[in-house]
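What follows is a short report on a single structure.
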2 protein chains.
Amino acid sequence: MAGFSFRLSILSEGRYDAQMVTIHDIARETGVSPNTVARILGGRRGRPYNEGKVLKAARRLGYVRNLQASNLRSGRSGLIGLLVPDIRNPQHTEFFQLLQDAANPMGFQILLFSSGGRMRQELHALQRMEQSRVDGLILNASEGETDEGCDEILQRFLTRKTPVVLAGRPERTIRADEIVIDNHAGMRNMVRYLAKTGRTKIAFVCGDRQSLATRERHEACLATVKKLKLEARTEWSQFGEYTPESGAQQTARLLQMNPRPDAIVAGNDLLAAGALRVLLDAGVMVPDDVAVTGFDDIPLASLVSPRLTTLRQPREKIAREVMELLQERITTRSVDAPKKLHYEPELVVRQSA
Amino acid sequence: MAGFSFRLSILSEGRYDAQMVTIHDIARETGVSPNTVARILGGRRGRPYNEGKVLKAARRLGYVRNLQASNLRSGRSGLIGLLVPDIRNPQHTEFFQLLQDAANPMGFQILLFSSGGRMRQELHALQRMEQSRVDGLILNASEGETDEGCDEILQRFLTRKTPVVLAGRPERTIRADEIVIDNHAGMRNMVRYLAKTGRTKIAFVCGDRQSLATRERHEACLATVKKLKLEARTEWSQFGEYTPESGAQQTARLLQMNPRPDAIVAGNDLLAAGALRVLLDAGVMVPDDVAVTGFDDIPLASLVSPRLTTLRQPREKIAREVMELLQERITTRSVDAPKKLHYEPELVVRQSA
DNA sequence: GTGAAAGCGCTAACAC
DNA sequence: GTGTTAGCGCTTTCAC
């Protein structure tokens with residue numbers, strides 16, 4: 001007992017305030033050294049004789065390892081930061097769940113930040129990740145311009161050999177791993193499919209103008225329209241943000257036009273759902289009068305009526321491969337030779353087109 | 001310089017491996033003590049003379065505070081644990097976002113765990129929260145039975161005066177704060193509304209039998225049906241889980257029955273969306289032939305066709321008040337006199353009923 | 001307001 | 001395999 005303070009301190013009210021049990025308490029209790037306790041509780045072996053004693057004492061005293069101390073000393077954190085523009089977009093929610101399921105067995109926890117597309121929030125999130133010493137991080141596209149301060153922080157991560165994975169962000173100064181969705185191939189297939197099924201006047205309901213996904217998807221559509229020599233009008237390209245409300249607004253504008261488009265290609269499923277909403281409310285038949293297509297294939301796509309024809313992102317594969325890459329980089333402490341993980345969206349034909 | 005190791009260590013490849021800058025580096029650089037550096041960087045004041053020097057040096061050297069060390073010493077973590085059964089349910093996603101928006105300004109971060117309703121995952125999540133020394137935690141209903149180990153951990157949290165908020169969990173041995181949704185009042189209003197609009201044969205599409213929400217909502221429906229002397233049949237009560245797929249399955253079973261119900265009260269919006277799906281596919285008119293209602297009022301409720309009549313949970317209010325309660329408890333270190341936060345769902349009439 | 005010293009709880013490094 | 005020692009980076013305590 002000598003040299004150790006009491007683990008129970010008496011408060012003024014006369015109640016007891018239970019402190020956390022430490023490896024020293026268990027060491028004292030069992031007569032072995034703190035080191036041995038730590039080793040056994042850390043899963044490495046000791047003398048069976050000691051193992052029994054230690055495990056039993058730990059259980060009896062209600063020992064709970066202090067990750068803060070553990071991580072401080074070992075220089076890890078067991079945390080993977082995930083920054084998304086809006087977790088309320090099911091696409092991101094699904095990705096979080098898949099990432100968590102892949103990360104947990106590897107001993108990692110996901111620290112999620114939903115920035116709401118706000119620049120300041122995004123910067124705060126990165127600062128917090130840095131202060132938390134995340135072992136790796138995944139950055140989803142901000143749905144707008146990106147702050148300069150962000151790049152500075154990202155660069156520091158890489159200098160410290162903390163792996164960074166960028167998704168849907170324009171290539172910039174920093175050389176990090178990237179998730180690359182082949183928006184061009186996806187949209188080309190989509191527009192071709194629409195043309196093949198007789199659509200000639202294709203309109204585009206897009207997310208925010210600044211985002212890379214928006215630009216790539218929109219440009220691919222225009223290029224394909226041009227290549228197929230379909231009708232093209234600048235006012236058939238509408239922009240907003242990746243929400244059902246925006247999709248509804250944009251579609252309402254399209255409905256005013258003359259000639260009216262016979263197909264609406266939306267930048268993602270949320271936009272498409274909003275478009276569907278407005279069309280049905282206006283008595284426009286989908287897909288008879290107007291075809292509607294989405295992007296992502298979130299669960300919602302199968303719940304709206306008619307079911308959405310869309311482009312499926314291989315989320316499971318992405319989540320798995322990203323975590324594998326991160327683990328690899330974290331264990332080898334190498335962030336050199338940035339990798340690009342390529343994925344092609346798959347056309348899923350349902351009812352809306 | 002004496003007594004301090006170099007912050008740059010040369011690797012075998014001849015490159016530099018930048019270590020993190022510490023308050024000692026800044027202290028050395030500016031000639032003040034580490035204590036003064038910490039105080040100034042911690043936001044408390046110092047001599048303007050020193051403040052300038054320290055802040056500038058910190059910026060120049062790229063200092064990033066180490067939260068692990070800070071938290072280890074101060075006994076806080078700045079983390080609020082949030083455990084939900086399934087983050088893919090938009091109800092939980094929305095709640096996370098609102099909670100994050102309320103927590104961040106208070107200096108807290110949300111550590112999210114999505115258990116998938118699996119008992120083992122839930123236990124793991126609680127263990128991890130305990131090891132991470134979260135300052136408080138919010139437990140959403142597991143959608144099934146709860147493990148004994150969980151209660152043991154929760155009890156330890158409370159003993160240590162770490163506040164715990166339970167939501168939608170049956171009251172048990174532990175005395176923690178609770179979020180109480182008045183399922184009874186909500187469902188009573190819903191059934192009355194259906195009766196008033198001429199429905200007489202009301203069926204119930206529910207989540208899993210074990211969950212408190214399911215039991216309360218179902219019982220409230222049955223009680224109201226009985227009170228209003230409406231037709232009642234045991235086979236009109238179906239159970240499953242809180243997913244669209246389950247809602248679809250349960251509804252398919254109801255469609256086989258004779259007599260067929262003229263209203264379907266679903267346990268949440270996801271179930272209702274699945275029900276809608278099956279009804280429309282079967283050519284049943286909603287709400288003309290069969291009325292459908294949901295619970296939660298997630299964004300999806302306004303996107304399906306017809307729009308869902310549902311019961312809205314005051315999520316914003318709940319998130320705000322829960323964080324206020326947590327902050328209060330964390331600062332006063334008092335978990336005595338558990339509070340019950342009561343909320344009543346609001347009937348939102350749209351098109352489906 | 002500032003500096004010196006101690007220590008949060010753990011793991012790493014090294015003898016044995 | 002085990003014990004000893006040191007120290008991760010910070011905050012706390014206490015003189016001054």
| Does the side chain of A:Ser70 get closer than 4.0 angstrom to OP1 or OP2 of C:dT11 through an N or O atom? | yes
| field | Side chain of B:Asn35 - closest among D:dT4, D:dG1, D:dT12 | value | D:dT12
| task | In whole angstrom, give the distance that lies between atom CG of A:Leu67 and atom P of C:dC10. | result | 10 Å
| query | Can we say B:Glu130 and B:Arg160 salt-bridge, meaning some charged N sits less than 4.0 Å from an Asp/Glu carboxylate O? | reply | yes
| Heavy-atom closest pair, residues A:Ile174 and A:Asp151 | CG2-O, 4.0 Å
| Any B:Phe113 side-chain heavy atom under 4.5 Å of B:Val84 side chain | no
| query | Is the shortest side-chain N to carboxylate O distance from A:Arg175 to A:Asp336 below 4.0 Å? | reply | no
| Given B:Leu82 and B:Leu139, is the side-chain contact (heavy atoms from CB on, under 4.5 Å) satisfied, shown in steps? | CA-CA 6 Å; B:Leu82 173 65; B:Leu139 249 68; over 6 Å; no
| remark: Which of D:dT2, C:dG3, D:dC10 is nearest the side chain of B:Tyr63? It is D:dC10
| task | Check A:Val37, A:Leu55, A:Val32 against A:Ile26 for a side chain to side chain contact (heavy atoms under 4.5 Å, CB included) and give me the one that passes. | result | A:Val37
| remark: A:Leu72 has its side chain closest, among D:dG3, D:dT2, D:dG9, to D:dG9
| Closest to the A:Arg73 side chain: C:dA12, D:dG3, D:dT11? | C:dA12
| request: Output yes when at least one side-chain N/O atom of A:Arg65 is less than 4.0 Å from OP1 or OP2 of C:dT11, else no. | output: yes
| request: Starting at atom NE2 of B:His24, determine the distance to atom P of D:dC10, rounded to an integer number of angstrom. | output: 8 Å
| Base, sugar-phosphate alone, or nothing: which one does B:Tyr49 contact when heavy atoms must sit under 4.0 Å apart? | nothing
| remark: Closest to the 5' end of DNA chain D, once B:Asn66 and A:Gly46 are matched to their nearest nucleotides, is A:Gly46
| message | Just the rounded figure in Å: distance from C1' of C:dA12 to CZ of A:Arg39. | response | 13 Å
| Separation of A:Arg28 atom CZ from D:dG3 atom C1', in whole Å? | 17 Å
| Out of D:dC10, C:dG9, C:dG3, which has the shortest distance to the side chain of B:Ile23? | D:dC10
| field | Atom-pair distance (CD1 on B:Ile26; C1' on C:dT2), nearest Å | value | 17 Å
| said: Side-chain N or O of B:Thr36 versus OP1/OP2 of C:dG3: is the shortest distance under 4.0 Å? | reply: yes
| query | What is the distance, rounded to the nearest whole Å, between atom CD of B:Glu51 and atom P of C:dG1? | reply | 10 Å
| Under 4.0 Å between a side-chain N or O of B:Arg44 and OP1 or OP2 of D:dT11? | no
| For B:Asn71, which contact category applies under a 4.0 Å heavy-atom criterion: base, sugar-phosphate, or nothing? | nothing
| Position toward the 5' end of DNA chain C (nearest nucleotide), B:Ala69 or B:Arg47 | B:Arg47
| task | In whole angstrom, give the distance that lies between atom CD of B:Glu130 and atom P of C:dG9. | result | 15 Å
| The side chain of A:Thr22 lies closest to which of these nucleotides: D:dT12, C:dC10, D:dT2? | C:dC10
| request: Looking at every strand, decide which applies to A:Arg45 at a 4.0 Å heavy-atom threshold: base, sugar-phosphate, or nothing. | output: nothing
| Whole angstrom value for the distance that separates P of C:dG3 from CG of B:Asn50 | 7 Å
